[in-house]
A.B. asks: 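Structure in structure tokens, see below.
These numbers come from the heavy atoms of this one structure, side chains and all, not from hydrogens, waters or symmetry mates. First listed ligand is number 1; within each ligand, the first listed atom is number 1.
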Amino acid sequence: MAINSVLVALTFVVLAQGASLGQDGRLRYDNFSVYKVKFETAEQRSILRKLAEDRENFRLWHEAKDELHLMISPGAFNEFDTEIQRTNVSANLFISNVQELIDSEEEGNLKASRDGTFGWKKYNSLAEIYAWLDEILVAYPVITESFILGQSYEGRTIRGIKISYKSNNPGVFIESNIHAREWITSATATWLINEFLTSEDDFVRNLAENHDWYIVPVLNVDGFVYTHEKDRMWRKTRQPSEISTCIGVDPNRNYDSHWMENDGASSNPCAEDYGGPNPFSEPEIQAMSDYVSSIKGKINVMLAFHSYSQLLLSPYGHTKEEFPPNFDDLLAVAKAFGDAVESLPYGTVYRYGSSADILYPASGATNDWAYNEQGVEISYTIEYRDTGRYGFILPPVQIIPNAEEALVGIAALLDKCEELGYLRLKTTQ
Ligand code: 0X9
Ligand code: ZN
Ligand code: ZN
């Protein structure tokens with residue numbers, strides 16, 4: 001009930017409901033605000049989550065054990081206020097105008113695009129990322145190899161790059177941008193690719209050369225293009241539903257591993273965590289499964305890049321009643337990542353633990369599928385910066401700091417894996 005009264009006054013002048021369409025065909029989020037809502041009981045949580053299923057006026061940005069981040073349309077503020085008073089929870093404003101953040105991000109992108117070169121001072125489009133990948137493949141023909149996961153629902157090619165300096169390296173798979181609006185993930189993945197190829201630093205050279213890297217910078221290509229061209233806040237895939245007018249499935253609930261168990265996903269096609277009509281209903285996820293299965297035995301470590309929250313999440317996602325057999329090792333490896341990141345001058349803190357335990361039950365996610373069905377014993381979801389100040393619209397000046405943290409964190413993670421014996425070549429090929 002900690003709603004700022006200045007904001008209450010402000011909302012009276014804004015009457016429009018829902019996001020409006022801008023001249024450029026993009027959805028606008030003028031005066032949409034984002035609140036952190038703290039809850040205590042399961043009942044409060046479910047009332048708040050129901051609000052989010054409305055979608056027009058309330059959208060779920062993030063959920064944790066004891067709080068939800070909800071984006072509120074200006075016209076629905078009174079309803080929100082009534083609802084939080086009724087459920088007796090407290091709400092704190094942390095973004096007052098989502099469009100303002102989108103505008104400044106867009107301005108930066110346009111400015112950086114004008115000088116033509118690919119870089120990490122802005123967020124790149126899918127076309128820019130793919131054109132850059134082509135340049136990289138031409139410039140480093142011996143150590144890089146292009147691979148194709150398959151085609152998206154809308155017919156786009158899902159591309160990856162393998163970087164291998166020598167034979168018999170352990171394999172690390174990086175899946176990035178499965179959630180469309182999490183732009184920091186593809187920015188970080190492409191920066192890592194660039195470092196692995198161009199850095200002259202011994203620390204980076206060791207990391208690059210002693211592992212085989214399989215990197216998919218943008219898995220949810222349709223959703224990603226949609227966030228650039230239509231709706232910055234889109235999360236899911238773009239395949240229409242047969243039972244609803246709502247579009248898309250949460251691809252991180254669509255893998256065939258404990259699919260839809262224990263409330264780990266929604267069966268409502270309008271929900272942000274809709275699991276789909278059946279496992280692998282999304283061609284992007286089927287493609288990922290086919291490709292990873294085809295190189296099974298080569299992958300020692302699976303890292304799925306997400307944002308935001310600064311978390312390292314290990315299996316299980318489908319239950320918090322049980323923990324995987326090597327859970328102690330998974331914690332030790334996660335701690336190595338967290339300690340390394342924290343030791344950088346930025347002082348960024350990561351928390352870690354099992355997904356279901358420290359976040360919420362989520363079934364059918366990449367890292368759980370890789371762990372449960374593909375025998376990848378070291379398997380994490382990494383939630384990058386920040387903890388909510390900017391959320392998904394992380395300012396471009398934070399791309400490189402975030403990517404540096406990823407680099408140092410992943411290096412420490414792999415060192416710990418090596419020490420614990422997880423980087424030995426697998427024989428199950
Ligand atoms: O909910 C998700 O899919 C991830 N969070 S996000 O805010 N990026 O959407 C976290 C998934 C963690 N759970 C499992 N891996 N099971
Ligand atoms: Zn099960
Ligand atoms: Zn995500």
A.B. asks: Fit a plane to each ring of Phe32 and Tyr29, take the angle between them on a 0 to 90° scale, and name the class: parallel (under 30°), tilted (30 to 60°) or perpendicular (over 60°).
C.D. replies: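 Rings of Phe32 and Tyr29: perpendicular, over 60°.
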A.B. asks: Scan for salt bridge (charged side-chain N to carboxylate O under 4.0 Å, His left out) pairs involving residues 225-234, sequence neighbours excluded, and state none if there are none.
C.D. replies: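 Found Arg59-Asp231, Glu105-Arg232.
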A.B. asks: Would you mind checking if Asp212 and Lys298 are paired as a salt bridge, meaning a charged N to carboxylate O distance below 4.0 Å?
C.D. replies: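 A salt bridge is absent here (no side-chain N lies under 4.0 Å from a carboxylate O).
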A.B. asks: In terms of ring plane angle, is the pair Phe77 and Tyr35 parallel, tilted or perpendicular, where the classes change at 30° and 60°?
C.D. replies: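 Phe77 vs Tyr35 ring planes: tilted.
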A.B. asks: Is any NZ, NE, NH1 or NH2 atom of the basic residue among Arg159 and Asp134 found under 4.0 Å from an Asp or Glu carboxylate oxygen of the other?
C.D. replies: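 Judged by the 4.0 Å cut-off on N to carboxylate O distance, Arg159 and Asp134 do form a salt bridge.
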A.B. asks: What's within reach of the Zn ion (ligand 2), meaning protein N/O/S atoms under 2.8 Å?
C.D. replies: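 Per the 2.8 Å query on the Zn ion (ligand 2), atoms found are His258 ND1, Glu261 OE1, Glu261 OE2.
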A.B. asks: Using the ring of each side chain (for Trp, its six-membered ring), is Phe173 parallel, tilted or perpendicular to Phe147, with breaks at 30° and 60°?
C.D. replies: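 Answer is tilted, since the angle falls between 30° and 60°.
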A.B. asks: Heavy-atom contacts with ligand 1 below 4.0 Å: which residues, ordered by chain and residue number?
C.D. replies: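 These residues qualify: His179, Glu182, Arg235, Asn252, Arg253, His306, Ser307, Leu313, Gly317, Ser355, Leu359, Tyr360, Ala362, Ala365, Asn367, Asp368, Thr381, Glu383.
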A.B. asks: Close to the Zn ion (ligand 3), meaning under 2.8 Å, how many protein N, O or S atoms are there?
C.D. replies: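 The number of such protein atoms is 4.
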A.B. asks: Does the structure place the NZ or CZ of Arg238 under 6.0 Å from the centre of the six-membered ring of Tyr226, at an angle of no more than 45° from the ring's axis?
C.D. replies: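 Flagged: Arg238 positioned over aromatic ring of Tyr226.
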A.B. asks: Does this structure show an ion pair linking Arg49 with Glu63, if we count only N-O contacts that are shorter than 4.0 Å?
C.D. replies: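 Looking at Arg49 and Glu63, the cut-off is met.
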A.B. asks: Could you please spell out the steps behind the side chain to side chain donor-acceptor pair (under 3.5 Å) verdict for Thr366 and Glu175?
C.D. replies: CA-CA 8 Å; Thr366 308; Glu175 175 215 78; 2.6 Å; yes
A.B. asks: For residues His258 and Thr319, determine if any side-chain heavy atom of one lies less than 4.5 Å from a side-chain heavy atom of the other.
C.D. replies: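 Of all side-chain heavy-atom pairs linking Thr319 with His258, none is under 4.5 Å.
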A.B. asks: Quick check on the 6.0 Å ring-centre criterion: do His62 and Tyr308 meet it?
C.D. replies: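 Yes - the distance between ring centres of His62 and Tyr308 falls below the 6.0 Å cut-off.
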A.B. asks: With salt bridge (Lys or Arg N to Asp or Glu O under 4.0 Å) as the criterion, how do Arg235 and Asp250 come out once you've worked through the C-alpha distance, each side chain's angles and the decisive distance to 0.1 Å?
C.D. replies: CA-CA 7 Å; Arg235 163 184 171 95; Asp250 183 344; 2.5 Å; yes
A.B. asks: Indicate yes or no: does Lys236 engage Glu282 in a salt bridge with an N to O separation below 4.0 Å.
C.D. replies: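 Between Glu282 and Lys236 there is no salt bridge, as every charged N stays at least 4.0 Å from the carboxylate O atoms.
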